[in-house]
**Q** 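Once you've had a glance at the structure underneath, I'll fire off some questions.
Bear in mind the structure is a predicted one, so any value in this text is a computation, not a measurement. All residue numbers refer to positions in the sequence shown, counting from 1. Both counts, for ligands and for their atoms, begin at 1 and track the order of listing.
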Amino acid sequence: MTTTLEGTFVMTAPVNRPATPTTPRLRVLIIEDERDLVEGLVYNLHREGYETIVAHDGKEGLRKAQTHLPDLILLDIMLPGLTGTEILRELRGADRTREIPIIILSARTEETDQVVGFSLGADDYVTKPFSPRVLMQRIKALQRRTEGTTEPGDLVEYLGVRIDRIRHRAFAEDQELDLTPTEFRLLECLLRQPGRAFTRTQLMDASIGEGAIVLERTIDVHIKTLRRKLGSSDLIETVRGVGYRFRETRGA
Ligand code: CA
């Protein structure tokens, strides 16, 4: 203990401190068709404090990557629908998904596959079978590498609307919004990609959850409430025949 003019400083030893007290819950998209492996990954990721999104085939995986913009993707190579390398090419070719860290999971050990994966922009490559502990280490190492180069994703702000994912709070022109969890996720999905039109199905996946038995019109009801709570009906635009988008520019 030392005393200064400002007062007393207690020198505390770092005992029993949570490992990562302020780390946001990062969202990991798992694109993998082996269901047992997916179950194991989900279990281990949740235990480490990550959120997970799961896709069991290539097309679903690509769609979810584009819709959810996860913080990290675990990508299998041999997939039904689209292969992992096709997904990789697709994601690296688009501005919105170019920076998402991707770890390839593959049973193939041939050097050429790794070369192809890295040349297409994968960030790391883990060969199956792998231990959960090893994969978690690789995920953390990748996170450390990409920190500072990508958006943390915990704060999103556009046209005066702000979302804080860590604290689960939303604001419009500095007024806090009282949102239900569904409305919060819906707003977050739209706000993260202003100007992008989302279908009702995509918005349901992102806000209500996959496989939920709800009518597409349910989204219309949530949008209506959300517009009212935002205090402005023109921030969320209706895209005729498609769905909705968050306004890209002010005025006009
Ligand atoms: Ca596979």
**Q** Please go through Val221's hydrophobic cluster and name the other residues, only I, L, V, M, F, W, Y counting, with side-chain heavy atoms under 4.5 Å joining them.
**A** none
**Q** Starting from Tyr43, walk the hydrophobic network (Ile, Leu, Val, Met, Phe, Trp, Tyr; side-chain heavy atoms closer than 4.5 Å) and list everyone else you reach, by chain and number.
**A**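 Result for Tyr43 is none, singleton.
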**Q** Is the CD atom of Gln137 crowded by more than 12 outside heavy atoms at less than 6.0 Å?
**A**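 More than 12 heavy atoms, drawn from other residues, nucleotides or ligands, come within 6.0 Å of this atom.
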**Q** Under a plain distance cut-off of 3.5 Å, with no hydrogens placed, do Tyr244 and Asp220 share a side-chain donor-acceptor pair?
**A**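 Per modelled atom types, Asp220 and Tyr244 side chains form a pair under 3.5 Å.
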**Q** Pull up every protein N/O/S atom sitting under 3.0 Å from the Ca ion (ligand 1), skipping waters.
**A**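 Protein N/O/S atoms under 3.0 Å of the Ca ion (ligand 1): Asp33 OD1, Asp76 OD2, Met78 O.
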**Q** Mind checking side chain to side chain contact (heavy atoms under 4.5 Å, CB included) for Glu34 and listing every partner two or more places apart, or none if nothing turns up?
**A**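 Glu34: side chain to side chain contact (heavy atoms under 4.5 Å, CB included) contacts with Glu32, Leu37, Lys128.
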**Q** May I ask you to establish whether Arg196 and Phe198 are in a cation-pi arrangement, using a distance under 6.0 Å from NZ or CZ to the six-membered ring centre and at most 45° from the ring axis?
**A**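 Because its charged atom sits under 6.0 Å from the ring centre and within 45° of the axis, Arg196 does stack over Phe198.
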